[in-house]
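The structure under discussion appears below in the form of structure tokens.
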Amino acid sequence: MEETNPIAKAVDKVIDAVAERNGGSEIPGRPGVEPPTIAEPVEPRDPLPPKADQRGPDPVTATGQPSGETTETRGQGGPFLTTATGTRLPDTDHSLKAGARGPVLLRDHHLREKITHFDHERIPERVVHARGAAAHGVFRAYGTAANVTKAAFLVKDVETPVFVRFSTVLGSRGSADAVRDTRGFATKFYTSEGIFDLVGNNIPVFFIQDAIKFPDVIHAGKPHPDREIPQAQSAHDTFWDFVSLHTEATHHTLWNMSDRGIPRSYRMMEGFGVHTFRLVAADGATTLVKFHWKPKLGVHSLVWEEAQIINGVDPDFHRRDLADAIEAGAYPAWELGIQIFPDSGDQTYEGIDLLDPTKIVPEELAPVQPIGLLTLDANPINFFAETEQVAFHVGHLVPGIDVTDDPLLAGRLFSYLDTQITRLGGPNFDQLPINRTHAPVNDMLRDGMHQTAVHPGAAPYRPNSLDGGCPFQAPDGYVEVPFPVEAGARGRVAPASYDDHFSQPRMFWLSLSPVEQEHVIAAYTFELSKVYEPAIRERQLKVLAQIDPVLCEEVAAGLGLPVPDGKPETIVDPSPALSQVGRTWPVAGRVIGLVAGSDIDEIRTLRQAILDAGMVPLVIAPTGGVLPGEGDQVTVQRTFAAARSVEFDAILVAGAPAPGADAVGGRDAKAGVPGPVDPRVTLMMNEAYRHAKPLGGWGEADATFTAAGIPADAPGVVSGTDPATVLSQVTDLLGGHRVWDRFPSGLA
């Protein structure tokens, strides 16, 4: 790549940073730029720079002009503590008092400023998508969309800075990451023509067909208003009451009950624009499209027990995974693709209504055509200033991209702007650094809360002569497509094509592999078992009967309820592209647990081999510190007491680890079953086995597998005498994400 490429520069920066570190510190997660001293530093010095993996918003002014700022000039400056206005302070540990015993004086301006600012640190969280994580990156266009859109950022080899925020829908900011929920996938493109926001989800369809129902579905999914529980879950009465009465929600709900509802990582998650958009070419020709994000690492999910453990031991699992991967230089990447449809008057394709947001077009009917590559290469410097204050809006469009008459999209065009004004305190939220466009702004908008631009001139209106006529109307500016509107009577109605609520859910079900279908059955059974009212459970079973008889029968059996009458009314073909299982994917960024046991001499070599393969090794030992023995120093990242299987995509064990000195049930409940192998290790191996993860070992590793109740000849369990060969076989297994052959489906 050329030296000016921001991705290449970011890669070089990380490589340089890694090369400067001592042995064992290549693993991501270091909280600061340099190691702290044991004693409190007392020699004044300027603030430390951000870490090598971090980058802030690009330096532009509130009106989109290059500002010449640097990361250092935008952050804190100088070695000494000051007030907000720069007055140096000698003490921030004691209030101003009348004598050592008080009372505290009201005139203490520093106390008031410090406490007042603290009292106002929070802004209202998002009503939906409150919990999120984000990263900076770059989008490089392939040029393959040039024949259908005149958007400048899609011209071949154009590189556009982006900021991407991933999120969960239902939970609060303090909820957990690995809950069963829809995920947001929102991308802000800082294009030369203005901001383009592609505000999507990891599920290609929505619960509802009309935005007027949006408050209803969210109220149903949120915690019950009397008890404020359950948090970040759909396994409760109000949710299932709503979706069983509004069967248009069936398609989205089925996706949510599938493995798509609990992704392994944001890095392994698809994204969808959901709606149909209209693209405009340079010659004025129009085309209808749906946007897709395809992860280069493949689509991969958690299993349900794994997700439940994660939410207890590491509720920040997805946030940490994204940040650590970027810090390690394993930059996540997605291809942006489009499905293309003729812009016909009826806005349908192969009998599918393109304006219905509860429908997809199977990729077998309209292949996804790649148009560019998104790479996330830097973490934010400050979560609040960037991830929390970023403001997306589906109405942020650029020439060449227009909306359609999807009634859900119409409501979003109003709602997003309205909510940002409330949440960010006024109409000038676009001037916050993370939201600033990289195109010059001359908008004639004035004043308001948080106005940070200083507008010159006397005539914020047009036409004018006092300011020389500026601003002028742009001949190449954004123009809405003059699409004809069909005449019709005014009314609160929907087209007949919106009435089919079951054919596409049945297609999705039939497209899943047997193991994925097993997970859907388990999810519905679990969720409906949490519903208190029997009538709601029975009503939802009637909905499932319209999808598939096997699905309905198995869930009914799990709930101990009779199978209702009813059967699918349509014949549909499966869409193989909807299954996550059966393909091979890159292993970059996967986390390998290396358990130090009775044979640890090869761990040093194996650890480096894992790093060389672009994966992340985490060394697990009885105690912290460094591994004993000769050779390069190897730092222990996890102890037997602290490690849990859910952290790792695969585990390798060096022999049979004897019980550690702290393997005492009274100290660690995980150590409550004594044996020849440390019980924390056997628990970890057993969990990983149940979660269909590849396992490997050498030396006396078979004793570890036996202690964990793992058959040595089970699929995906590798043992041998050569650690390098074991690693190679485990790496091959990782390409398929999990070892599903270990647990054959009863539906096969």
Which class fits the ring pair [X] and [Y]: parallel under 30°, tilted 30 to 60°, perpendicular over 60°?
X: F185; Y: W293; result: parallel
X: F508; Y: W255; result: parallel
X: F743; Y: Y689; result: perpendicular
X: H275; Y: F277; result: perpendicular

Just verifying a value: how many Å separate [X] [atom1] and [Y] [atom2], rounded to the nearest 0.5 Å?
X: D181; Y: Q233; atom1: CG; atom2: CD; result: 10.0 Å
X: H519; Y: Y524; atom1: NE2; atom2: OH; result: 15.5 Å
X: I309; Y: E647; atom1: CD1; atom2: CD; result: 12.0 Å
X: T682; Y: F705; atom1: OG1; atom2: CZ; result: 12.5 Å
X: I352; Y: I360; atom1: CD1; atom2: CD1; result: 7.5 Å
X: M507; Y: L512; atom1: CE; atom2: CG; result: 10.5 Å

Does [atom1] belonging to [X] count more than 12 external heavy atoms closer than 6.0 Å?
X: F384; atom1: CZ; value: yes
X: D565; atom1: CG; value: no
X: L561; atom1: CG; value: yes
X: D732; atom1: CG; value: yes
X: K294; atom1: NZ; value: yes

Task: Residue pair D500, K359: steps toward the salt bridge (charged side-chain N to carboxylate O under 4.0 Å, His left out) verdict - done: CA-CA 9 Å; D500 175 13; K359 303 291 196 304; 5.2 Å; no
TODO: State yes or no: are the ring centers of F166 and W334 separated by less than 6.0 Å?
DONE: yes
TODO: Would you please indicate yes or no on a ring centroid separation below 6.0 angstrom for F502 and W509?
DONE: no
Open item on the list: Under 6.0 Å from the ring centre and within 45 degrees of the ring axis: does the NZ or CZ of K290 meet both conditions for the six-membered ring of F341?
Closed with: no
Nearest atoms (heavy-atom pairs only) where [X] meets [Y]:
X: N256; Y: T182; result: OD1-N, 3.4 Å
X: V390; Y: T387; result: CG1-O, 3.3 Å
X: P230; Y: P223; result: O-CG, 3.3 Å
X: A643; Y: K670; result: O-CE, 4.5 Å
X: H251; Y: T358; result: ND1-O, 2.9 Å
X: T187; Y: F392; result: C-CE2, 3.8 Å

For the side chain of [X] and the backbone of [Y], is there at least one donor-acceptor N/O pair under 3.5 Å apart?
X: R742; Y: K693; answer: yes
X: H318; Y: Y266; answer: no
X: R165; Y: H129; answer: yes
X: R506; Y: Q546; answer: no
X: R180; Y: S258; answer: yes
X: Q209; Y: Y498; answer: yes
X: D197; Y: V394; answer: no
X: R539; Y: L245; answer: no
X: S511; Y: S575; answer: yes
X: K296; Y: P586; answer: no

Task: Pair R492-I212, side chain to side chain contact (heavy atoms under 4.5 Å, CB included): steps then yes or no - done: CA-CA 10 Å; R492 299 187 182 276; I212 200 168; 3.9 Å; yes
Quick test of your reading of the model: are [X] and [Y] salt-bridged, counting only N-O distances below 4.0 Å?
X: D177; Y: R320; answer: no
X: R738; Y: E306; answer: yes
X: R412; Y: D406; answer: no

Any [X] side-chain heavy atom under 4.5 Å of [Y] side chain:
X: P549; Y: C552; result: no
X: Q517; Y: D548; result: no
X: F648; Y: I592; result: no
X: T404; Y: L355; result: yes
X: R264; Y: D649; result: yes
X: V243; Y: W240; result: yes
X: L541; Y: V563; result: no
X: L288; Y: Q347; result: yes

Task: Verdict with reasoning, R173 to E388, per side chain to side chain contact (heavy atoms under 4.5 Å, CB included) - done: CA-CA 10 Å; R173 278 188 60 191; E388 188 63 17; 3.5 Å; yes
Polar contact flag, side-chain donor to acceptor under 3.5 angstrom, [X]-[Y]:
X: S234; Y: E527; value: yes
X: S497; Y: D353; value: yes
X: E305; Y: H691; value: yes
X: Q580; Y: S301; value: yes

- [ ] Apply side chain to side chain contact (heavy atoms under 4.5 Å, CB included) to W585 and M268, showing your working.
- [x] CA-CA 10 Å; W585 304 100; M268 303 163 195; over 6 Å; no
Task: Residue among L683, I620, D668 satisfying side chain to side chain contact (heavy atoms under 4.5 Å, CB included) with F640 - done: I620
Open item on the list: What verdict does the side chain to side chain contact (heavy atoms under 4.5 Å, CB included) test give for Q308 and F526, after you've listed the backbone C-alpha separation in whole Å, the side-chain angles of each residue and the deciding distance to 0.1 Å?
Closed with: CA-CA 12 Å; Q308 291 177 301; F526 174 87; 4.0 Å; yes
Task: Steps toward salt bridge (charged side-chain N to carboxylate O under 4.0 Å, His left out) verdict (D316, R131) - done: CA-CA 10 Å; D316 302 308; R131 181 171 180 82; 2.6 Å; yes
